[in-house]
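Taking it in order: structure first as structure tokens, then the write-up.
Proteins get letters first, then strands, A, B, ... in listed order; numbering begins at 1 in each. Only heavy atoms go into these numbers, but all of them, side chains included; no hydrogens, no water, no symmetry mates. What you see is a predicted model; the values in this text were computed from it and never measured.
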Amino acid sequence: MTEKVRVRFAPSPTGFLHIGGARTALFNWLYARHFNGAFILRIEDTDRSRSTDEYIEEITKGMKWLGLDWDEGPFRQTGRFDLYKSYVDKLLKEDRAYYCYCSPAELEARRKEAAARGGALAYDGRCRDLSSPVGGPPPAVRFKMPRKGRTIVNDLIKGEVVFENERLDDLIILRSDGTPTYNLTVVVDDVDMKITHVIRGDDHLNNTPKQIQIYNAFGYELPEFAHLPMILGPDKARLSKRHGATSVMAYYEMGYLPDALINYLVRLGWSYGDQEIFSRKELIKYFTFENVGKAAAVFNPEKLLWLNSQYIINSSSENLAELVLPFLEKESIISAGQPQIDMAWLSKAIDTLKERAKTLIELAASLRYYIAEAVEYDEKARTKFLNEKNLPYLVDLKDGLASIPDFSVSGLEKLFTSIIERHGIKLGSLAQPVRVALTGGTQSPGIFEVINIIGREKTLRRLEKAIKTITSRT
RNA sequence: GUCCCCAUCGUCUAGCCUGGCCUAGGACAUCGCCCUUUCAAGGCGGUAACGCGGGUUCAAAUCCCGCUGGGGACGCCA
């Protein structure tokens with residue numbers, strides 16, 4: 001095949017870009033990039049009652065955040081209705097389609113009845129052979145499925161899947177209001193846009209034989225099909241709002257890095273030996289359908305969280321400093337109007353924190369004691385460490401800190417060593433009270449680094465406050 | 001109900017196509033140890049899976065059949 005690969009992601013704007021959609025988009029994108037093909041974004045908005053421009057905006061926003069850039073589009077189906085209509089007319093003329101006068105209410109009733117009886121829910125074809133028009137409200141148009149033979153889907157992932165044509169029902173291709181439906185538009189557009197590979201969720205596998213029949217009716221060559229396994233929630237049911245955050249942008253808000261989400265998503269259904277972490281370059285290089293699995297996958301937020309922490313650790317602190325800014329504002333650690341924060345200093349602070357933060361929100365939160373003017377003590381930490389016994393150590397340290405010339409990490413270490421030797425105590429006996437005095441809690445990066453970053457003045461103020469806290473209580 | 005898809009540790013997966021190298025590998029989570037000024041990170045180790053039943057074969061996680069289980073579709077949604 002020398003034809004250039006052309007794939008598309010075709011969401012309907014009836015909701016946000018969710019995890020499942022993002023995974024479909026990602027696999028399409030990877031496939032296109034791997035083969036140096038084109039990735040097309042097409043908005044399937046033929047259902048005018050449920051589609052909104054806001055959702056189109058949300059979907060493109062999500063894709064941009066994930067870095068899934070498209071080469072053509074976004075195309076919308078609204079506005080191409082004349083085109084679809086002409087295809088319907090063609091089918092009508094060739095007796096490959098017919099008018100159906102059954103009302104939605106009647107159809108609904110028949111389906112209910114069939115379900116109660118335990119029979120097939122497909123359309124019974126009662127308008128299929130009508131010889132003359134029936135009066136009343138405008139009819140819908142149905143595609144005339146062949147009743148004999150079988151349709152074979154040669155799926156790149158699932159292999160050969162066989163459907164008996166008698167099981168395929170005559171689907172509606174034009175609503176009674178004159179608007180086309182999905183199964184028609186998807187074929188017309190995929191042909192029109194010269195799509196070579198249709199890559200989508202396997203919930204579409206059952207639609208495929210019907211679409212193949214439509215291709216056949218027009219005499220068009222079939223694209224390749226690849227149906228990806230679904231993503232399930234922890235209860236093994238299809239991933240939905242019930243399972244918590246399913247919108248891609250919710251992950252932005254929770255402080256995830258787009259690369260981490262991408263990496264997580266790609267491993268849901270795809271693998272490359274034992275490798276877990278991939279750069280985009282590697283993904284593009286390695287991605288093929290050969291390594292795509294067939295079984296549905298359960299979405300596991302904990303592994304995503306781990307990946308996110310790995311991506312944070314491996315990101316440059318300069319980059320993280322930029323990314324964390326909006327979260328610092330949101331957590332009210334800095335105010336939007338605040339004088340410019342020193343980015344070099346921020347990066348240095350992040351150096352000490354990034355291996356402790358799993359999300360940008362955690363990173364922002366841990367920056368609080370570096371940035372804020374004063375800290376609040378954790379009650380338990382205070383009673384345990386800010387007490388009479390530790391008072392002399394803190395006083396000693398304060399005096400030492402006020403006078404040492406070398407405020408570097410190694411200089412601070414020397415000071416600490418001299419103090420603990422003088423008192424005959426272990427480093428921990430000094431470090432923990434100091435940690436509480438400076439950060440308010442018992443957990444932080446190495447104490448020398450903390451002091452180094454907080455700086456002499458602020459450190460001294462906090463030590464004084466801690467000393468006062470102890471003495472005022474006795 | 002009918003049709004379609006799927007089936008390896010709790011979860012994501014490697015291995016399956018081209019049977020033997022599988023005493024089934026990796027990762028997350030979990031447990032323990034090490035490192036250690038706390039917390040992390042990191043290192044080391046443990047627990048943990050071929051759904052069941054039949055075949056085929058000298059040999060089956062790997063091939064075939066059935067069952068069971070799970071998922072999906074059955075819309076004038078996409």
(message) Check this for me: does any side-chain nitrogen of one of A:Glu164 and A:Arg150 sit under 4.0 Å from a carboxylate oxygen of the other?
(response) yes
(request) Find the distance A:Leu168:CG to B:rC4:P and express it as a whole number of Å. (result) 11 Å
(request) Give one of base, sugar-phosphate or nothing for A:Ser444, where a contact means two heavy atoms less than 4.0 Å apart. (result) base
(message) Does the structure place the NZ or CZ of A:Arg142 under 6.0 Å from the centre of the six-membered ring of A:Tyr123, at an angle of no more than 45° from the ring's axis?
(response) yes
(message) Once side chain to side chain donor-acceptor pair (under 3.5 Å) is applied, do any residues pair with A:Ser429, and if so which ones, sequence neighbours excluded?
(response) none
(request) Just compare B:rA29, B:rC12, B:rC3 and give me whichever is closest to any side-chain atom of A:Phe163. (result) B:rC3
(request) Specify the separation, in whole Å, of atom CG of A:Leu304 and atom P of B:rU13. (result) 14 Å
(request) Could you encode protein contacts along nucleotides 40-49 of chain B as a string, one character per nucleotide from 5' to 3', using B for base contact, S for sugar-phosphate-only contact and - for no contact, with a heavy-atom cut-off of under 4.0 Å? (result) BSS-------
(message) Base, sugar-phosphate or nothing for A:Leu205? Non-hydrogen atoms, less than 4.0 Å.
(response) sugar-phosphate
(request) Provide, to the nearest angstrom, the distance between the CD1 atom belonging to A:Ile420 and the P atom belonging to B:rU38. (result) 12 Å
(message) In whole Å, I'd like the distance from the CD atom of A:Glu276 to the P atom of B:rU11.
(response) 16 Å
(message) I'd like to check the side chain to side chain donor-acceptor pair (under 3.5 Å) partners of A:Lys144; sequence neighbours left out, ordered by chain and number.
(response) A:Asp95
(request) Under 4.0 Å between any heavy atoms, over every strand shown, what does A:Gly269 touch: base, sugar-phosphate, or nothing? Just pick one. (result) sugar-phosphate
(request) Quick one, give me the B/S/- string for nucleotides 69-78 of chain B, reading 5' to 3', where B means a protein heavy atom under 4.0 Å from the base and S means that only happens at the primed atoms, P, OP1 or OP2. (result) --SBSBSBBB
(request) Report the residues that fulfil side chain to side chain donor-acceptor pair (under 3.5 Å) with A:Lys158, sequence neighbours left out, ordered by chain and then residue number. (result) A:Asp202
(request) Using atom OH of A:Tyr311 as one end and atom C1' of B:rA27 as the other, report the distance to the nearest whole Å. (result) 14 Å
(request) Find which nucleotide of RNA chain B each of A:Tyr272 and A:Ile447 is nearest to by heavy atoms, and output the residue with the more 5' nucleotide. (result) A:Tyr272
Nucleotide N/O of nucleotides 66-68 of chain B paired with protein N/O under 3.5 Å:
none

(request) Could you tell me whether A:Ala115 contacts a base, only the sugar-phosphate backbone, or nothing, with contacts defined as non-hydrogen atoms closer than 4.0 Å? (result) nothing
(message) Taking the nucleotide of RNA chain B with the nearest heavy atom to each, does A:Pro445 or A:Val298 sit closer to the 5' end?
(response) A:Val298
(request) Could you tell me whether A:Arg167 sits above the aromatic face of A:Phe163, with NZ or CZ closer than 6.0 angstrom to the six-membered ring centre and within 45 degrees of the axis? (result) no
(message) Checking base pairs now: Watson-Crick or wobble, both atom distances under 3.5 Å. What partners B:rC3?
(response) B:rG72
